[in-house]
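One is the number of the first residue; the rest follow in order along the sequence. Everything numeric in this text was worked out from a predicted model, so none of it was measured.
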Amino acid sequence: MAFFLSYSTPIAHHKICTVFSSKQGSRHAFDQFGSLTLKAMPEEMALIVTNGSSNNKIPHVLTMAGSDSGAGAGIQADLKTCAARGVFCSTVITAVTAQNTLGVQDVSVLPEESVAAQLKSVLSDMHVDVVKTGMLPSTAMVKILHDSLKQFPVQALVVDPVMVSTSGHVLAGSSILDTFRQDLLPMADIVTPNIKEASVLLGGVQLETVTDMRSAAKSLHDMGPRNVLVKGGDLPSSSDAVDIFFDGKDFYELRSPRIQTRNTHGTGCTMASCIAAELAKGSSMLSAVKVAKRYVETALEYGKGINIGNGPQGPFDHMFKLKRKNSSKLRLFEPSDLFLYAVTDSGMNKKWGHSITDAVKAAIEGGATIVQLREKDAETGEFLEAAKSCLEICRAHNIPLLINDRVDIALACDADGVHVGQSDMPVNTVRALLGPEKIIGVSCKTPEHALKAWADGADYIGSGGVFPTNTKANNRTIGLDGLKTVCLASKLPVVAIGGINLSNARSVMELGVVNLEGVAVVSALFDRECVAVETRKLHDLLTETVANVGSAVTEEV
């Protein structure tokens, strides 16, 4: 998705060429946080965060807002946004609303004592970095927050003045406006009104153009906040989604294509929460705003086809998971998936005039039970488009699709998983990036490799090369004895890899090791004129061999 940003002084336009104002950088000092790792324990995996220091600090946002029963906005949107951005989020609930995609049916304001107790409970104990506010339905609650932050200072305050929703519903009375202006805005590091909220804060001034938004940002800044972001998603005169950011000195015009979708409920809460999350991680204000802008636009684009509720304004998907999760074709990994593991090769496809998608379709038609795209020579953009097409084919046949090594491609196309080698990205890092439900395989030659693969969170291992192969240079073979040794040591299902074809596959499966589930094949399938025919031959041979081995075991018993 294209994203444009231009920067100007109040007088003239220039291309952005300066770093963010040093007054902001000097005001906020943030820790640097460590990386995520998985540490193996005897029968479980423990998630830990390390950077070599016992004083590692987790970025923490406290959101003070109303609860949205429809879970599109408010506290629920804040929690989902912070989770998506990798930040811990605690909550102070100010009101409980009854709302859905049709609108707001009821607002129940919590007692002020309860709100004060929630604030004190979290601020006094949990080392909050950034406070983000949403719905503050009374002057007393504004004063409670004001006094609490005097007692328990934080590094930044993000104020989303939730008075009018994007759908036009009034969520707070006008009586708190003076308190907002006098007590809250002067404490704010950034205030993030949409054009309706900016109009309310400025006494009813109508905002109809980008020039109006600039004037509003300047007027709001005069009320005391250090930065102002006026959101123009509802600006009628612009075909783009235009936001104006003002830091007291310079204006920044943030533009992106307007996404045509009904699923826009909670965009304001999400934008402010994402800014808060990025600030908690140590970003500068301008950087945080830019990331938040991109995040919201990406979420809107991803979620535009989601259908939840019957009203005119639906929620979107903060985690980018709902469309995939709703796919009836998606299923969990089964060891039997490894039975006939087809690994593509760009050189072989070019030799025989096969596209990647044609090769994958033919292999599946011949009986392949899992597919790995191993395209070392393909350009990234070309590879991504091919992977998306292959994924559609695989999902249509309920066959898992893995990407060799390229975690970025797997994430971008939502593949079912990744296969890595010993010199590629570590398995525990891949797991942290892909999440718990994806399939991760790793190549192993030794029992030590196999045990580490299990400890690091892999789902299966590929052991080999069993026989010499031309598909990988300088690949040390381990033979059938080495394969058996690895299988006996492994706590994971195993697929044999390397030089396997119709002439030797039988000897592999006749090893009779319980967790040896199948064979992975490259040349024997794809270095052939008719991929489907060769795949069917190998599938039939494997099926016959496994049946014979099973019969022999039964007779012995």
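A donor-acceptor contact shorter than 3.5 Å is absent between the side chain of Gln76 and the backbone of Ser67. Under a 3.5 Å cut-off, the side chain of Asp240 and the backbone N or O of Pro257 do not form any donor-acceptor pair. For the pair Arg506 (side chain) and Glu544 (backbone), a donor-acceptor distance under 3.5 Å is absent. At least one donor-acceptor pair under 3.5 Å links the side chain of Asn100 to the backbone N or O of Leu102.
Donor-acceptor pairing under 3.5 Å is recorded for the side chains of Thr380 and Arg406. Looking only at atom types and distance, the side chain of Glu517 has no donor-acceptor partner in the side chain of Ser336 under 3.5 Å away. In summary, the side chains of His265 and Thr101 do not present any donor paired with an acceptor at a separation below 3.5 Å, with no hydrogens or angles considered. Using modelled atom types and a 3.5 Å distance limit, the side chains of Thr344 and Glu375 yield a donor-acceptor pair.
Here Arg395 does not pair with Glu392 in a salt bridge; the nearest charged N to carboxylate O distance is not below 4.0 Å. Salt bridge status for Asp160 with Lys231: present, with a side-chain N to carboxylate O gap under 4.0 Å. Checked for salt-bridge contact, Asp456 and Arg431 miss the test: no charged N lies under 4.0 Å from a carboxylate O.
Looking only at side-chain heavy atoms (C-beta outward), Ser287 and Glu278 stay at 4.5 Å or farther from each other. A 4.5 Å side-chain heavy-atom check between Lys281 and Asp129 finds every atom pair outside the cut-off. Looking at Leu488 and Lys484, their side chains come closer than 4.5 Å, going by heavy atoms from C-beta outward. Leu480 places a side-chain heavy atom less than 4.5 Å from the side chain of Ser507. At least one side-chain heavy atom of Val519 sits under 4.5 Å from a side-chain heavy atom of Met509. Using a 4.5 Å heavy-atom cutoff, the side chains of Lys491 and Asn515 are not in contact. Side-chain contact between Phe316 and Ile306: absent, with no pair of heavy atoms (C-beta onward) separated by less than 4.5 Å. Tyr460 has its side chain within reach of Ile439: a pair of non-hydrogen atoms, C-beta onward, lies under 4.5 Å apart.
To the nearest 0.5 Å, atoms OG1 (Thr267) and CG (Asn194) are separated by 8.0 Å. Atoms CD and CG, on Glu334 and Asp459 in that order, are 11.0 Å from each other to the nearest 0.5 Å. His419 contributes atom NE2, which lies 11.5 Å from atom CD1 of Ile440 (distance to the nearest 0.5 angstrom).
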Test Glu385 against Lys388 for salt bridge (charged side-chain N to carboxylate O under 4.0 Å, His left out), laying out the working first. CA-CA 5 Å; Glu385 291 308 309; Lys388 290 178 180 178; 3.7 Å; yes
Can you check salt bridge (charged side-chain N to carboxylate O under 4.0 Å, His left out) on Asp414 and Lys438, steps first, answer last? CA-CA 9 Å; Asp414 194 29; Lys438 295 293 189 178; 2.8 Å; yes
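Atom CG of Asp481 is surrounded by 12 or fewer heavy atoms from other residues, nucleotides or ligands within 6.0 Å.
Taking both residues in full, the closest heavy atoms of Phe339 and Leu542 are given as CZ-CB, 3.4 Å, listed atom of the first, atom of the second, then distance. Taking every heavy atom of both residues into account, Ala241 and Lys293 meet most closely at O-NZ, 3.0 Å. Contact detail for Arg85 and Val291: the closest heavy-atom pair is NH2-CG1, 3.7 Å.
Using cut-offs of 30° and 60° on the angle between ring planes, the pair His318 and Tyr295 is tilted.
Contacts classified as ring-ring contact (aromatic ring centres under 6.0 Å, His included) and involving residues 421-446 (residues at least two apart or in different chains) are not found.
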